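Before any comments, here is the structure.
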Amino acid sequence: QVDVTAMMRLFGYVDVTDSGFIAAVLSIAFNPLFWNVVARWEHKTRALSRAFGSPRAACYCLGAVILLLNCVRSHCFTEAMKSQPKLEGLDCHWAYYSGLTILAVGTLFVVSSFLALGFTGTFLGDYFGILMEAKVTSFPFNVLDNPMYWGSTAIYLGWSLMHASPAGLLLTAVVAISYTIAVLYEG
């Protein structure tokens, strides 16, 4: 049996009907759906490559859109946290510094993934026909699969702990679920 007491207590602090919370959930779910649909469409049609004059230009444009959408998602996430109450038990130094540590580890995974893959490797270049010479097996890919996704999830978890935010913790779970679905879809 699973003890859901802690989860029910967490839901007591979160207004899931709040428009900011709903906007955050929608932006979290939309991002991986968007980039996977667009990348597969490009792979089948090469429409973006033709429209932008080259696969590289199209990939860079899609990457810029993905970055912009990630900024919107992070903004919605932060605003949803700010509009909801804090959890007193997390509003302390140990939770703040634990969150900061988790955020730093997540940032390490995201940045090192980007450096290992480069821009086109990070932003779906393979769907545009821009292939890497070999599979990347160095850090952080030798530590875990999909380090960009799990690093991003860790960043949101750390951010939520730093702000003692039950809404942020719940939204982090939505991030993890969205990325889990994306990994299944991409695989």
Side-chain angles (χ1 to χ4, degrees), residues 1-38 62-114 122-124 140 143-187:
Q1 281 191 339
V2 176
D3 182 14
V4 295
T5 309
M7 186 60 82
M8 292 308 294
R9 191 165 161 238
L10 180 68
F11 275 111
Y13 281 87
V14 181
D15 178 7
V16 296
T17 64
D18 176 67
S19 61
F21 186 86
I22 293 168
V25 169
L26 292 175
S27 67
I28 289 166
F30 177 76
N31 285 10
L33 175 66
F34 169 79
W35 70 62
N36 274 295
V37 168
V38 171
L62 177 61
V65 170
I66 291 170
L67 286 170
L68 179 64
L69 288 172
N70 285 338
C71 289
V72 169
R73 175 182 64 182
S74 293
H75 174 74
C76 290
F77 188 102
T78 301
E79 290 302 309
M81 281 195 320
K82 286 173 26 181
S83 72
Q84 305 233 6
K86 290 185 174 193
L87 183 62
E88 299 84 25
L90 284 180
D91 200 9
C92 60
H93 291 298
W94 72 265
Y96 180 86
Y97 289 113
S98 295
L100 185 61
T101 301
I102 293 168
L103 187 143
V105 170
T107 301
L108 174 67
F109 280 120
V110 169
V111 170
S112 60
S113 296
F114 180 81
T122 299
F123 294 107
L124 307 162
V143 176
L144 66 132
D145 291 332
N146 306 297
M148 184 78 71
Y149 286 169
W150 304 124
S152 178
T153 304
I155 289 169
Y156 286 114
L157 175 60
W159 192 239
S160 299
L161 289 172
M162 290 172 68
H163 289 86
S165 175
L169 294 173
L170 189 55
L171 289 170
T172 300
V174 175
V175 170
I177 291 166
S178 295
Y179 282 153
T180 299
I181 293 168
V183 166
L184 294 173
Y185 184 74
E186 292 168 6

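This structure is a prediction, so every number in the text was calculated from the model and none was measured.
Side-chain atoms of H163 come within 3.5 Å of backbone atoms of W159 as a donor-acceptor pair (strictly under, hydrogens ignored). Checked by atom type and distance alone, the side chain of N31 pairs as donor or acceptor with a backbone atom of L69 at under 3.5 Å. Side-chain N or O atoms of D18 include one that pairs as donor or acceptor with a backbone N or O of F21 at under 3.5 Å. For S74 (side chain) and N70 (main-chain N/O), a donor-acceptor pair under 3.5 Å exists by modelled atom type. A donor-acceptor distance shorter than 3.5 angstrom exists from the side chain of Q84 to the backbone of D15, with no hydrogens or angles considered.
Qualifying salt bridge (Lys or Arg N to Asp or Glu O under 4.0 Å) partners for E186, counting only residues two or more places apart in sequence or in other chains: none. For the ring-ring contact (aromatic ring centres under 6.0 Å, His included) test, residues two or more places apart in sequence or in another chain that qualify with F34 are F30.
Residue M162 comes nearest to L103 through the heavy atom pair SD-CD1, 4.1 Å, listed as atom of the first residue, atom of the second, then distance. Minimum interatomic distance between F77 and S160 (heavy atoms only, all atoms of both residues): CZ-OG, 3.4 Å. In terms of heavy-atom proximity, G106 sits nearest to A154 at CA-CB, 3.8 Å. Of all heavy-atom pairs between S113 and P147, the closest is OG-CG, 3.3 Å. Contact between S178 and A29 at its shortest, heavy atoms only, is OG-CA, 3.8 Å. Looking at every heavy atom in both residues, G20 comes nearest to A80 through O-CB, 3.7 Å.
Interatomic distance, L33 CG to Y185 OH, rounded to the nearest 0.5 Å: 8.0 Å. Annotation: the span from D91 atom CG to S165 atom OG amounts to 10.5 Å, rounded to 0.5 Å. Note that the CG atom of L90 and the OH atom of Y13 stand 9.5 Å from one another [nearest 0.5 Å]. The distance from the OG atom of S19 to the CG atom of L26 is 11.0 Å, given to the nearest 0.5 Å. Atom OG1 in T153 sits 12.0 Å away from atom CD1 in I102 (nearest 0.5 Å). Put simply, CG on L157 and CG on L171 are 12.0 Å apart, with the number rounded to the nearest 0.5 Å.
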Between W150 and D145, is a side chain to side chain contact (heavy atoms under 4.5 Å, CB included) present by the stated rule, with each step listed? CA-CA 8 Å; W150 304 124; D145 291 332; 5.7 Å; no

Starting from the C-alpha separation in whole Å, work towards a yes-or-no answer on side chain to side chain contact (heavy atoms under 4.5 Å, CB included) for L124 and V38.
CA-CA 10 Å; L124 307 162; V38 171; over 6 Å; no

- Quick one: do R73 and Y156 satisfy side chain to side chain contact (heavy atoms under 4.5 Å, CB included)? Show the steps, please. CA-CA 11 Å; R73 175 182 64 182; Y156 286 114; 3.1 Å; yes

TODO: I would like to know whether L161 and L169 meet side chain to side chain contact (heavy atoms under 4.5 Å, CB included); could you show each step before the answer?
DONE: CA-CA 7 Å; L161 289 172; L169 294 173; 4.1 Å; yes

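The aromatic rings of Y179 and Y149 sit parallel, their planes meeting at an angle under 30°, below the 60° perpendicular limit.
Contact check for F114 versus V110: no side-chain heavy atoms found under the 4.5 Å cut-off.
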